[in-house]
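Here is the structure we will look at, set down as structure tokens.
The sequence lines fix the lettering, A, B, ..., with proteins before strands; numbering per chain opens at 1.
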Amino acid sequence: MLKKILYSSLLSFLITGYAHAQDSFSPIKLKSVSGKQINFAEVAASSKDTIVVVSFWATWCIPCISELDNINEVFKEKQAIKPFKFIGVAIDDSRTAQRVKPFVAGKGWQFDVLIDINSELKRALNVTDVPHVMIIKNNKIVYRHTGYIVGEEDNLFEKIKSL
Amino acid sequence: MKRILITALACISIKTTFSQQTEQPIKGHLNGSFENYSQYYMQDDKIGATAPQDKVGSNNFLKLDYTYGKFTAGVQFEAYLPSINGYYDIAANQSKLVNRYFKYTEEKFSVQVGDFYEQFGSGLIFRSYENRQIGINNALEGINIYVEPTEFLKIKALYGRTRKLFDYSNSITRGVDAEIDITKAFASKTKEHSTHIAIGGSYVGRYQEYTGPIDDYPSTVDAFATRFDLNSNDYSLNIEYVNKGKDPHFINQNSFEKGKALLINAAYTKNNLGITFTGRSLTNMDFRSERNIAIATQLPVNYVPALTKQHDYLTSNIYVYSAQLKAETGFQTDLYYSFKPNTKLGGKYGTKIAANFSTYYSLKNNNDILSGGNDKYYSDANIELKKKFSKKFEATLGLQNIFYNALVISGSGHENVTSNILGLSGIYKFASKKSLKVTLEHLWTKEDKGNWASLITEYSFSSPYSFYVSDLFNYGNSESDKQNHYYNVGASVTKNSTRFALGFGRQRAGLFCVGGVCRFVPSAYGFTATLTTSFGN
């Protein structure tokens, strides 16, 4: 029975899928490091044509930390060239989520960090591995990249500049 | 089931109405991902790796999600051709469309029918999630509702049966969770508050029919949890307590004892300093959707991770703790600090420190979670220093001391293993996108398999290409024929969100743990290929 409902729902969905609703992300709720609830869809929508960089990372992911350390080092310098929003989305689950806030403070990172406690946003945006970085502009993902090799942050900044 | 039907139809009709009212026709969007992990097995008697009959293991996941304004629907296709060694027990080729769902989401309301993931509090009472590396997918099939009736109240309710590989459990899990934001409920609404206080409560019940001879054998296991969260800019405190009713099952040898767990997290941050403390005590917290489950990754209702540091060194992953759900008590504490650039200790580019200590013991009395016992299960003291010496070179030094009670944690080997690890890693960036990373590690121990040494070299000569060569050498094994090299060589190429990696080498047998949940990985020798891609807008 449930199968039938799901298939028919999906079918009706795909048939009418060309149309209508305002393009937006699902209103998935994340938590800021100070415990505030943040609606991801609102963050993406309210930025309009200002670039939002979303970087998925975790406290146990060495390449992620290396990437964010290197981005943080030139963060202000790059902001001065072209302003953009930068959000680090930690996919740490409750094994390590309590570390995120002190970890970020200890690192002295200057950008916002949000916690995706049960990977809801990661799943919704089909992120398979961390690190995974995406650029959102005008409420659309315009660029995404998986993995990190030292120096690849230059590609990201070049991309930001070109958009 | 009727309720699910009504809900789904209601959603569709709301959608139709909504669609007709919208003026601008804008298309919906499809996004998805594909992940393939394949191994080709070869015989290697030296490390005890046996090749299965068809010599190939391949796990494949295709996930598609279609979003149309407030509506999302999705499916996941999984194919095991057959599964890689040690991952589930799928010997023959099997594939199936799984995790089908349909979701309607408003700002303060959502309803999902089909397969869904959810978590109450920290997950100590309930968590459904997916971890493909370890082979966990305990999504519930049923209905999941989220509602915020007022600004300060959030309610979640769920009902369903748990996914059991390509089937479902013969049990029903139902639950409700409520959270009240005290700050929003009682404090001035016009003022921006720097401190947030919230309290929450959960109920989770699992029903599995019992037809056996024991009179008071419970078909339903009820669990309750309460929690308190305090968060401000500089500090936070989270406390959670869970009480689980009588839950006799295979793993706890049909014990009628209740389950209890207390979790405390505290953190303090200031400028470039971060400190955290986590304490947890528990008894009888193995909570499954079915009673006769014996494998750690099958049908968990809750999530009880090992609260220790998750290490990345090859040698650090030889002696890994996994939470003792029967009974344990312990804590961990972390310290993070950055010496600022242009200071005496920071140098030109700054110096970063991370230190962690954790220790876990038995309980003296398993009915009293506050009674610390004398049997030590595990401890880990470690410190890591990361320093950038120039724009081109940075180095990391790691030191670690581990105590590992092998008898309790892995049920085999020596009773206790004490080891010390030294790790040294350096990255040299010789051009914009060209770098060389070398990591050297050494593990000293007089017990178990003796000393280990390892070397990892990663060379990225031009983004997006990367190569690596590594070796983990058990040169200190007292049995000379077991002084094995676990060598690996591989390469990866990345283009946007697509990554392909190919490797060849030896895999060490042992517990492979992600998030504190472990599965046993047998010895293997051969090729490994991984392809991952994400797509959509």
### Glu148(B) with Lys154(B): basic N within carboxylate O range, under 4.0 Å
no
### Message
Please classify the contact of Lys391(B) with chain A as side chain, backbone, both or neither, using a heavy-atom distance under 4.5 Å.
### Response
neither
### Top contributor to chain B interface from His145(A), Glu73(A), His132(A), Met134(A) [non-hydrogen pairs under 4.5 Å]
His145(A)
### Query
Does the ring of Phe61(B) carry Arg132(B) above it, NZ/CZ under 6.0 angstrom from centre and within 45° of its axis?
yes
### Query
Can you find a heavy atom in the side chain of Glu394(B) that is under 4.5 Å from one in the side chain of Tyr349(B)?
no
### chain B neighbours within residues 35-57 of chain A, where any heavy atom lies under 4.5 Å away
Gly35(A), Lys36(A), Gln37(A), Asn39(A), Glu42(A)
### Summary
Pair count under 4.5 Å, heavy atoms only, with chain B: among Val127(A), Asn118(A), Ile62(A), highest is Asn118(A)
#### Entry: Under 4.5 Å from any heavy atom of chain A - which part of Gln119(B)
both
### Summary
The interface call for Ala124(A) against chain B, heavy-atom contacts under 4.5 Å, is backbone
### Query
Considering residues, nucleotides and ligands other than Phe109(B), do more than 12 of their heavy atoms fall under 6.0 Å from its CZ?
yes
## Note on the structure
Ranking Lys101(A), Glu120(A), Glu152(A) by heavy-atom pairs under 4.5 Å to chain B gives rank one to Lys101(A)
### Message
Any carboxylate oxygen within less than 4.0 angstrom of a Lys/Arg side-chain nitrogen, looking at Lys107(A) and Asp69(A)?
### Response
yes
### Query
Is there a donor-acceptor pair under 3.5 Å between the side chain of Glu458(B) and the backbone N or O of Ser466(B)?
no
### Query
How about residues 154-163 of chain A versus chain B: which residues have heavy atoms under 4.5 Å apart?
Asp154(A), Asn155(A), Glu158(A)
### Message
What I'd like to find out is whether the side chain of Val304(B) reaches to under 4.5 Å of the side chain of Leu124(B), using heavy atoms alone.
### Response
yes
### Summary
Cut-off 4.5 Å, heavy atoms of chain A, and the answer for Thr278(B) is side chain
### Task
Could you look at Asn99(B) and say if it's the side chain, the backbone, both or neither that has a heavy atom under 4.5 Å from chain A?
neither
#### Entry: Contact origin within Ser128(B) toward chain A - heavy atom pairs under 4.5 Å
backbone
### Task
May I ask you to test the Thr494(B)-Tyr465(B) pair for a side-chain heavy-atom distance under 4.5 Å?
no
### Task
Indicate whether the side chain of Thr105(B) and that of Ser110(B) have a donor and an acceptor atom separated by less than 3.5 Å.
no
#### Entry: Region of Lys31(A) that comes under 4.5 Å of a non-hydrogen atom in chain B
side chain
### Task
Look at Ser94(A), Ser66(A), Gly147(A) and state which one has the largest set of heavy-atom pairs under 4.5 Å with chain B.
Ser94(A)
### Contacts of type ring-ring contact (aromatic ring centres under 6.0 Å, His included), residue Tyr146(B), not counting sequence neighbours
none
### Query
Are any non-hydrogen side-chain atoms of Asn126(A) and Phe535(B) less than 4.5 angstrom apart?
no
### Query
Is there a side chain to side chain contact (heavy atoms under 4.5 Å, CB included) between Phe277(B) and Tyr268(B) once you walk through the steps?
CA-CA 9 Å; Phe277(B) 169 87; Tyr268(B) 175 76; over 6 Å; no
### Heavy-atom side-chain proximity of Thr532(B) to Phe34(B) below 4.5 angstrom
no
### Message
Using heavy-atom distances under 4.5 Å, tell me whether Asn265(B) contacts chain A through its side chain, its backbone, both, or neither.
### Response
side chain
### Query
Between Asp65(B), Ile427(B), Asp229(B), Asp334(B), which residue shows the highest count of heavy-atom pairs closer than 4.5 Å to chain A?
Asp334(B)
### Task
Would you mind telling me which of Ser492(B), Gly32(B), Ala267(B), Ser460(B) has the largest number of heavy-atom pairs within less than 4.5 Å of chain A?
Gly32(B)
### Task
Using only heavy-atom distances, determine whether the side chains of Asn72(A) and Gln110(A) contain a donor-acceptor pair under 3.5 Å.
yes
#### Entry: Between Glu130(B), Gln332(B), Lys437(B), the one whose heavy-atom pairs under 4.5 Å with chain A are most numerous
Gln332(B)
### Query
Is the backbone of Ser33(B) close enough, under 3.5 Å, to the side chain of Ser534(B) for a donor and an acceptor to pair up by distance?
no
### Message
Any donor-acceptor pair under 3.5 Å linking the side-chain atoms of Ser338(B) with those of Asn272(B)?
### Response
no
### Message
I'd like to know whether NZ of Lys434(B) has more than 12 heavy-atom contacts from other residues, nucleotides or ligands below 6.0 angstrom.
### Response
no
### Query
Using a cut-off of under 4.5 Å for heavy-atom pairs, which of Gly151(A), Ala105(A), Ser119(A) has the most such pairs with chain B?
Ala105(A)
### Task
Check whether the ring centres of Tyr336(B) and Phe103(A) lie less than 6.0 Å apart, and answer yes or no.
yes
### Message
Counting heavy-atom pairs under 4.5 Å with chain A, which one of His196(B), Glu35(B), Glu107(B), Arg499(B) comes out on top?
### Response
Glu107(B)
### Message
So for Leu273(B), is it side chain, backbone, both, or neither that comes closer than 4.5 Å to the heavy atoms of chain A?
### Response
backbone
### Task
Heavy-atom distances under 4.5 Å only: say whether Asp312(B) touches chain A with side chain, backbone, both or neither.
side chain
### Query
Can you find a pair of side-chain heavy atoms, one from Asn496(B) and one from Thr533(B), that are under 4.5 Å apart?
no
### Task
Using a cut-off of under 4.5 Å on heavy-atom pairs, state which of Thr276(B), Leu335(B), Thr308(B) scores highest against chain A.
Thr308(B)
### Region of Leu125(A) in contact with chain B, defined by heavy-atom distances below 4.5 Å
backbone
### Parallel, tilted or perpendicular: ring planes of Tyr66(B) versus Tyr68(B), cut at 30 and 60 degrees
parallel
### Task
Counting only heavy atoms closer than 4.5 Å, note whether Lys340(B) contacts chain A via side chain, backbone, both or neither.
neither
### Query
For Tyr117(B), is it the side chain, the backbone, both, or neither that has a heavy atom closer than 4.5 Å to a heavy atom of chain A?
both
### Query
Using non-hydrogen atoms only, which part of Asn271(B) is less than 4.5 Å away from chain A: side chain, backbone, both, or neither?
backbone
### Query
Counting only heavy atoms not in Lys270(B), do more than 12 sit closer than 6.0 Å to its NZ atom?
no
### Message
Can you confirm whether Lys82(A) is buried at NZ, in the sense that more than 12 heavy atoms of other residues, nucleotides or ligands lie under 6.0 Å from that atom?
### Response
yes
### Summary
Okay, Ser232(B) and chain A: the region with an atom under 4.5 Å from a heavy atom over there is backbone
### Task
Check each atom of Lys433(B) against the heavy atoms of chain A and say whether the ones under 4.5 Å are side chain, backbone, both or neither.
both
#### Entry: chain A contact via Lys63(B) - side chain, backbone, both or neither, heavy atoms under 4.5 Å
both
### Summary
Contacts satisfying ring pair (Phe, Tyr, Trp, His ring centres under 6.0 Å) that involve residues 74-95 of chain A (not counting sequence neighbours) are Phe75(A)-Phe84(A), Phe75(A)-Phe111(A), Phe86(A)-Phe111(A)
#### Entry: Toward chain B, the part of Thr128(A) with a non-hydrogen atom under 4.5 Å
both
